[in-house]
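Keep in mind that this is a model prediction, so the values were computed, not measured. Convention: sequence-line order gives letters A, B, ...; per-chain numbering from 1. Excluded from the calculations below are hydrogen atoms, water molecules and symmetry mates; all remaining heavy atoms, backbone and side chain alike, are included.
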Amino acid sequence: MRTTSLFLLCVVGVACAQTPAPSTAPSPSGNATAASASTAPRDSAGRPGMGALSLPNANPFPSTYVPFPSRTTLIRNATIMTAAGPTMQNASILLRDGKIVAVGTSVTAPADAVVIDGTGKYVTPGIIDVHSHLGLYAAPGGGGLNDGNEATNPNTSNVWAEHSVWPQDPQFPRILAGGVTTVQILPGSANLFGGRSAILKVVPSRTVQGMKFPGAKYGLKMACGENPKRVYASRGPSTRMGNVAGYRAAYIQAAEYRRKWDEWNANHKGAPPTRDLGQETLAEVLRGDVLVQMHCYRADEMAQMLDIAKEFGFKVRAFHHSVEAYKIADLLRENGTGAAMWADWGGFKEEAMDGIRANIALVDAAGVKAMIHSDDPSGAQRLNQEVAKAMYAGRAAGINVTEDMAIKWMTINPAWALDLDTRIGSLETGKDADVVLWSGDPFSVYSKAEKVWIDGAMLFNRDDPAQNWRTDFDLGFVNGGAR
Amino acid sequence: MKNHLLCALCATFVTAAGAGAQTVAITGGTVYPVSGAPIQNGTVLIRDGKIVAVGADVAVPANAQRVDATGKIVTPGLIDAATQLGLVEIGGEPTTRDANARGTDGVAASFRSWDGLNSESVFWTPARNEGVTSVVVAPGGGLIAGQASVVDLVNATAAQMIRRAPVAMVAQINNPRGAQTGARGELIGKLRTLLEDVKFYQAHRADYDRSAARSLTATRADLEAMIPVVEGRLPLAIDADRVDDIQGALRLAKEFNLKIIIVGGAEAWLAANDLAAAHVPVIAGAMNNIPNSFQTLNQRQENLGILSKAGVSVAIIGNNGDGDEELFNVRNVKYEAGNAVAYGMTHDAALRALTLTPAELFGVADHVGSLQVGRDANVVVWSGDPFEFSTRVEHVYIHGQEVMSPSRQDMLTQRYKTLPPKYETHP
């Protein structure tokens, strides 16, 4: 069986005879056991800095991610879509020590650099998927791996997605092979408040801590509409107005909780207030340290959420799914709220009836941070194809969408939604070297990610299947493993 | 609102119907008849809803409406070989779901799914506008889900849309619980018993009607409906993913002399040679590579390419991720084909898997699936490669009539392109 499959891999479009690229196979040593590289920094007032949580327990599950070993790498003669400016032809990009150190048409290779010929190929930033449930609904599925919705209470802002993520979910290496380098794992949408998100690098690790993006802010998953009212129909909320009452009641409590803690943090008088995990998360939303990532389909509900956000003084960072974002693109722009969308999902429930393929293009044209998202382990492997559909649909609708705009929908705009756009999402000097080399135009159905680097380390190489990441689950269960 | 939509559609189709009566010559394009080699600078001549000439040297009558396809691609209309389009509108809304019969103990062989076909579904138009001209509409659930039909995407009554029915009996052996059994072996046993009972019933019908026959496991209506299956006249389309289940289906087909089609076929590539030897076709998507259940551990994107190269007849369906959005995106079946090509299928084979092969599998190849004289004039003119995102559909003909019209999604796009929208207007 195993022999057969390896043989078939060779026949089917994989250049087995090619000289193997320098081996940068993921090595499990190091990353999970490294000393915490990201103990939360504190500002002069002793407050936790970026990515940290409120006192009294700023960062109980610190990231232990450290970049994999990398070699100085130059990709040359490629078409480079930077997501920061116009596409460059016959250009080169130099990666060193995990960072992008040069991009342009006159970059020379240092003596120690691995040089990769990009003739006929394209280079883009690593794709960022802001809406994923990988690790929560891990393959192969079944009740034992069903860890995405803590559907026991409409408000579970006390749960954290990272505590459900299974790092051996075989879907992780598959999205890496699709060029995805950073992913936001969100709890499901059964609840008004689903819990905290986890921002992960798509890397092999024994622990979720070893995947956590150092310094990334948490998100809070919230959900509008049909799902919460359906799930809680018998106990409430059972209507949209019940949903709204639920959001408001929770933020009223959270404002009070925040006030007590801020007061105590300032003067340390008396015993500290009693901790409440859910309130802690909502208080951090009110402080602006946790970003609201909200599942919402309908335009009218998004408009109401924007008012609720104003009532309590927080921001909705991005609406997710937002199949009707195009109907209120002006409102989204005024509120500085982004929209994460599918290219063309719709129709599967009543609140999804008005999905249109030009959604992303219309929202972008209105000046909103528009982005693709997957919500789906299959779509996550082909976000470039999803963006292609959305881009051409925009053009068909008469909007002048260039490839340079569309590339942002899967790179710098989702980076913005995670407040990581100064670190990832574009090919600019000084940014993390999260880079994808494509076999051709990433907006062609025939193109594939050939090589993927995260922090300068080549973690996927289509030309060298034996070196690619296989999860524990893949071994034995899935063809190619020992039987 | 509803009136507006209906009116908009009406207007379009009245016009279309008028145009369809005349002779149309699509000239200058690269024509892919699928039944034969591509023709450069070819002409497809359409009259009275049929194709009357295809070739490089076709004389165009003076009265023909000429459609210049220079630099473009001309293909038969695409066929999605398994969908619930027309049976389900809004998946989350039970009142619009008519794909799953209750049946009797997991058997619903007498369920003629097309009796519930919704000719007014808003999802026909987007599929049609993007080159899908026929679909195989199949029921789901149980052990025997019921009967499937081939539906043409004409704007007409449900009865007029149905090109042929039944075209297959639909079954599944993936899920023992769904079949009202507790284990795979029991499921196969139940299926075997059913097939034996159908044969018994067929041989002892008179006794059965006098209540003089032994008791049988299915209702009279279901036994009747299964007769064409045991006679090998009606294909049994079996949903099967695990390689052992596929092999089991092959054994059962041999034992009972059934004509079967494997649907889903996640691990079919592991049985490619056996499928080819048994002349059993496979209907599958091309984008499934996740071991997302214990019966699909070895699914991979190379599946269709491997099967095709081994000589298995394959049809491509749009089931990317088994998403809930399948009905919304029947139009995306062409991209499924593009992905199949990216993972090893030839372009010619992929086009055939969306046209002539499904037509052959479901007994309608004399009417649709290829550009040949005498076939229905179901023709698509593409601006480029049909499988590429950059390609636009320029013309779609079904039965010789140009059928492109604004979909509900187009109307919404138009309405909201400039904010605030104008509610008093409709496109």
Worksheet item: Hey, which of B/Glu89, B/Gln299, B/Gln301, B/Glu267 has the most heavy atom pairs under 4.5 Å with chain A?
Response: B/Gln301

Discussion item. Strictly distance-based, threshold 3.5 Å: is any side-chain N or O of B/Glu388 a donor or acceptor partner for the main-chain N or O of A/Val445?
Written reply: yes

Discussion item. Using heavy-atom distances under 4.5 Å, tell me whether A/Gln171 contacts chain B through its side chain, its backbone, both, or neither.
Written reply: side chain

Worksheet item: chain A heavy atoms under 4.5 Å from B/Gln295: which part of the residue, side chain, backbone, both or neither?
Response: neither

Discussion item. Ignoring hydrogens and geometry beyond distance, is a side-chain donor-acceptor pair present between B/Asp385 and A/Tyr446 at under 3.5 Å?
Written reply: yes

Worksheet item: Of the listed residues (A/Gly355, A/Gly142, A/Ser447), which shares the most heavy-atom pairs with chain B below a 4.5 Å separation?
Response: A/Gly355

Worksheet item: A/Arg357 and B/Glu130: which non-hydrogen atoms are nearest, and at how many Å?
Response: NH1-OE2, 2.7 Å

Worksheet entry | Which atoms of B/Ile290 approach chain A - backbone, side chain, both or neither, heavy atom under 4.5 Å | both

Discussion item. For a quick test of reading the model, state the closest non-hydrogen atom pair linking A/Leu362 to B/Thr413 and the distance between them.
Written reply: CD1-CG2, 4.4 Å

Item to complete: Just jot down the side chain to side chain contact (heavy atoms under 4.5 Å, CB included) partners of B/Asp239, sequence neighbours excluded, or say none.
Response: B/Gln172, B/Asn174

Worksheet item: Under the 3.5 angstrom rule, does the side chain of A/Arg382 hit a backbone N or O of B/Met287 as a donor-acceptor pair?
Response: yes

Item to complete: Specify the closest pair of heavy atoms between A/Phe443 and B/Phe389, including all atoms of both residues, with the distance to one decimal.
Response: O-CD1, 3.4 Å

Worksheet item: Is there a donor in the side chain of A/Asp344 and an acceptor in the side chain of B/Gln409, or the other way round, less than 3.5 Å apart?
Response: no

Practice prompt. Among the options A/Lys349, A/Gln381, A/Arg395, pick out the one with the most heavy-atom pairs lying under 4.5 Å from chain B.
Written response: A/Gln381

Fill in: Heavy-atom contact with chain B under 4.5 Å, split by part of A/Ala358
side chain

Fill in: Closest approach of B/Leu419 to A/Lys327 (non-hydrogen atoms, all atoms of both residues)
CD2-O, 3.7 Å

Worksheet entry | Partners passing side-chain hydrogen bond (donor to acceptor under 3.5 Å, both in side chains) against B/Asn129 (at least two apart in sequence or in another chain) | none

Response to the item:
Of B/Pro126, B/Pro420, B/Ser390, the largest count of non-hydrogen pairs under 4.5 angstrom with chain A goes to B/Ser390

Worksheet item: What part of B/Pro291 lies closer than 4.5 angstrom to a heavy atom of chain A: side chain, backbone, both or neither?
Response: both

Worksheet item: Roughly how far apart are A/Leu145 CG and B/Asn292 CG, rounded to 0.5 Å?
Response: 12.0 Å

